[in-house]
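Structure first, commentary second.
Residues: numbered from 1 along the sequence shown.
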Amino acid sequence: MRKVVSALGILLLLVGISGTIDHLFYQPFFGFVLNSVNRWVIPNIDFLAGYELYANLTVAVVGAALAIAAYRSD
């Protein structure tokens, strides 16, 4: 279970960083997977309109927190 949570955390961290880069510039690497939250999820949530950068950074922070928590658990 620890490895699954750690892998999910790392994936969310990469998705958040990639979405931030894609929002600021254009990020062409693994766009279908890594930019999925930025391109399909965030635009469909009304209260995140105008806060896309913060939403992507929040996804990255949650991913980092999950990865750290999985690493530190016994």
Side-chain angles (χ1 to χ4, degrees):
M1 185 68 172
R2 188 172 133 188
K3 289 183 180 184
V4 173
V5 173
S6 178
L8 180 66
I10 291 171
L11 178 67
L12 283 176
L13 178 67
L14 291 175
V15 165
I17 291 172
S18 179
T20 301
I21 292 171
D22 188 53
H23 184 72
L24 294 175
F25 306 108
Y26 176 72
Q27 202 273 349
F29 302 109
F30 300 110
F32 182 74
V33 175
L34 292 179
N35 296 331
S36 58
V37 172
N38 187 44
R39 293 183 182 173
W40 292 292
V41 175
I42 293 174
N44 292 324
I45 300 175
D46 292 333
F47 68 88
L48 291 177
Y51 298 104
E52 294 88 359
L53 181 63
Y54 299 115
N56 283 310
L57 290 173
T58 302
V59 169
V61 168
V62 168
L66 275 175
I68 291 170
Y71 177 73
R72 298 187 91 184
S73 68
D74 291 325

Measure across [X] and [Y] and return the closest heavy-atom pair with its distance rounded to 0.1 Å.
{"X": "N35", "Y": "S18", "result": "OD1-OG, 2.5 Å"}
{"X": "G50", "Y": "E52", "result": "N-OE2, 3.2 Å"}
{"X": "A55", "Y": "I42", "result": "CB-CD1, 3.7 Å"}

With L57 via side-chain contact (heavy atoms from CB on, under 4.5 Å) - residues at least two apart: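 side-chain contact (heavy atoms from CB on, under 4.5 Å) check on L57 returns T20, L53.
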Residues that S6 engages under side-chain contact (heavy atoms from CB on, under 4.5 Å), provided they are two or more places apart: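 side-chain contact (heavy atoms from CB on, under 4.5 Å) check on S6 returns I10, A70.
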Hphob cluster co-occupancy, I68 + L13, side-chain heavy atoms under 4.5 angstrom: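 No.
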Pairing residues for N38 by the side chain to side chain donor-acceptor pair (under 3.5 Å) criterion, not counting sequence neighbours: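 In terms of side chain to side chain donor-acceptor pair (under 3.5 Å), with neighbours along the sequence ignored, N38 is linked to D22, N56.
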Hydrophobic cluster partners of V61 (side-chain heavy atoms under 4.5 Å):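 Grouped by the 4.5 Å side-chain rule, V61 forms a cluster of one, so the answer is none.
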Residue pairs fulfilling ring pair (Phe, Tyr, Trp, His ring centres under 6.0 Å) with at least one residue in residues 46-66, sequence neighbours excluded: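 Pairs touching residues 46-66 that pass the test: none.
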